[in-house]
Q: 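Here's a structure for you.
Residue numbering restarts at 1 for every chain, and letters A, B, ... go by the order of the sequence lines. If you're wondering where the values come from, they're calculated on a predicted model, not measured in any experiment.
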Number of protein chains: 2
Amino acid sequence: MSDSGRPIGTGLHDPVLETIGMEITCGELPAGHVLTLDGIGERFGVSRTVAREAMRVLESMCLVQSRRRVGITVRPREEWNVFDPRVIWWRLSGSDRDAQLRSLTELRIAVEPLAAASAARGASAAERSRVVELATSLRKLGEAAELTEFMEADVEFHTLLLRAGGNEMFAALSNVVGSVLRGRTQLGLMPHQPVPEALDLHEAVAEAVAAGRAADAEDAMRKLLAEVRTAVLPS
Amino acid sequence: MSDSGRPIGTGLHDPVLETIGMEITCGELPAGHVLTLDGIGERFGVSRTVAREAMRVLESMCLVQSRRRVGITVRPREEWNVFDPRVIWWRLSGSDRDAQLRSLTELRIAVEPLAAASAARGASAAERSRVVELATSLRKLGEAAELTEFMEADVEFHTLLLRAGGNEMFAALSNVVGSVLRGRTQLGLMPHQPVPEALDLHEAVAEAVAAGRAADAEDAMRKLLAEVRTAVLPS
DNA sequence: CCTCCTCGAAAGGTACTATCTTTGCTCGGA
DNA sequence: TCCGAGCAAAGATAGTACCTTTCGAGGAGG
């Protein structure tokens, strides 16, 4: 699961999907633009069937619509399945990283506090001890300014909290959060050294979860994300 | 957009996708079960290419994994793209409506208050007046116990609030919320007559949004969803 | 008991046919 | 002369049949 857990495509049609998906989400192919299977097949050197399968997947993400005689038209952004992990990944890699990061951060602010509260109520003993362990690691790595290692531990921290609550919708967002955190690090939106308050808050969340204090966990996570918001939304 | 806004499939492979997707999400085809393209083609009377396209879409939802020589294996539930509108719809129509409604309601509790606050900050004039209009309609329809009409207005109310904030991730959840509300009504989880408190809270949310009082809107929406929670989670 | 080879089954990929829809041209009427 | 309706042709997708590649399993031999 190297990148946001999207399924590993081993086939020949994967590069087609990847390239065109990226081009659409980046805005390079604007809404209303028309593609043809022949054009795709010729461009990538594949048969029409391969192109068709790729388009079928894109259609299932509501990125394009296929109509007879007309061709394959790119749909407007409002209709995209923006929760599809591939779409999120493409947009984070592409040109509108900014809007995407803003939206996702707002989503995190909404979800993660409640997920932390759920985790405080429902986590297993192993999960409780692991979350404390991770918070300790985070402090150590943060103070040593090991940014990459810090990020990996941070991803595991948030993933664990999203999964421990037992809500599968929250759990499904863990890939999204992982993408956001990796994106922020790659984009240089992380401070060179994590601010001490953030480290304190990670520990506060961990302790509250470990002790089963749901309200405290929720509150600490909310404060933590307020910190994140100021980093991502400089406005 | 009769059902959760999933793209209208006009092709021949759509019934295949629909049937097998439903069977997997319902648990009728358990994780690890192996399908073959030939089997699918024979069962539905279609060619293998059609079956393959349907499987490609299912694969893009992480419901199955296709490996050579082995066949198409059903993946465990934890790996599904549970945010895909089709998956949500299938699960709501199928046997684990209950777990799905619980998860989705928790998600609503997380997201909708913040979305209401965003709407209070960023809605257009037309949206502000429309939301008040809808709250008034809701009171009238609720007191008249017109359940279906009430639901439709309720869907529009929540959809409007999710979209007005300008956050595309929130906006993308409007189909989900629509599905939940419709599912609750069809499932008989709505009271025969909406409780007066709910009507009051809808109006409170609307007024706060119209007046631009973000904190009040958030608070009222939170109370409204607390009401919903008690209805859905009888525990 | 381990290793290697062979066989076969199922997915991957290609070429071809059918069908449907759009578009443009023509003919007739006002 | 202009406008509208209808018909025909073209082109692109939908679907089918067939060949190729790959990898897993089972058996034989060391």
Q: Give Arg52(A) one of three labels, base, sugar-phosphate or nothing, depending on what nucleic acid heavy atoms sit under 4.0 Å from its own.
A: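 It contacts base atoms.
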Q: Using whole Å, report how far CZ of Arg48(A) lies from C1' of dG12(C).
A: 18 Å
Q: Side chain of Thr49(B) only, please: which of dG12(C), dT13(D), dT16(D) is the nearest?
A: dT16(D)
Q: Should Arg43(A) and Glu23(A) count as an ion pair when the cut-off is N to O under 4.0 Å?
A: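 Between Glu23(A) and Arg43(A) there is a salt bridge, with a charged N closer than 4.0 Å to a carboxylate O.
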Q: Does the dA25(D) base have a donor-acceptor partner in the side chain of Arg69(B) within less than 3.5 Å?
A: no
Q: May I ask you to say whether Arg163(B) pairs ionically with Glu78(A), meaning some side-chain N is under 4.0 Å from a carboxylate O?
A: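 Salt bridge between Arg163(B) and Glu78(A), a charged N being under 4.0 Å from a carboxylate O: no.
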Q: How many angstroms lie between atom CD of Glu127(A) and atom CG of Leu134(A), to the nearest 0.5 angstrom?
A: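 With rounding to 0.5 Å, CD (Glu127(A)) is 11.5 Å from CG (Leu134(A)).
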Q: dA14(D) P sits how many Å from Gln65(A) CD, rounded?
A: 11 Å
Q: Let me know the distance between CG of Asp38(A) and P of dT14(C), rounded to the nearest Å.
A: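 Spelled out: CG on Asp38(A) to P on dT14(C) is 14 Å.
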Q: Given atom CG of Leu37(B) and atom C1' of dT21(D), what is their separation to the nearest angstrom?
A: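 Atom-to-atom, Leu37(B) to dT21(D), this comes out as 15 Å.
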Q: What's the closest nucleotide to the Ser47(A) side chain, out of dG13(C), dT21(D), dT13(D)?
A: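 From the listed options, dG13(C) comes nearest.
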Q: Starting from C1' on dA11(C), measure out to CG on Leu35(B) and report it in whole angstrom.
A: 13 Å
Q: Where the side chain of Val70(B) is concerned, which of dG24(D), dT16(D), dT22(D) is the nearest nucleotide?
A: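 Of the candidates, dG24(D) comes closest.
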Q: Hey, are Arg184(B) and Asp154(B) close enough for a salt bridge, meaning a charged N less than 4.0 Å from a carboxylate O?
A: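 Result for this pair is no, no salt bridge flagged.
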Q: Round to the nearest Å and state the distance from Leu17(B) atom CG to dG15(D) atom P.
A: 13 Å
Q: Using heavy-atom distances to pick each residue's nearest nucleotide on DNA chain C, tell me which of Arg67(A) and Glu53(A) is more 5'.
A: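 Result of the comparison: Glu53(A).
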Q: Taking atom P of dT14(C) as reference, at what distance in whole Å does atom CD of Glu42(A) sit?
A: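 Going from Glu42(A) (CD) to dT14(C) (P), I get 14 Å.
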Q: Is a side-chain donor-acceptor pair under 3.5 Å present for Glu18(B) with Trp90(B)?
A: yes
Q: Closest to the Thr36(A) side chain: dA12(D), dT16(D), dC16(C)?
A: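 Side chain of Thr36(A) sits closest to dA12(D).
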Q: Any idea which of dC23(D), dT16(D), dA12(D) is nearest the Arg68(B) side chain?
A: dC23(D)
Q: Round to a whole Å and report the spacing from CE of Met55(B) to P of dA10(C).
A: 16 Å
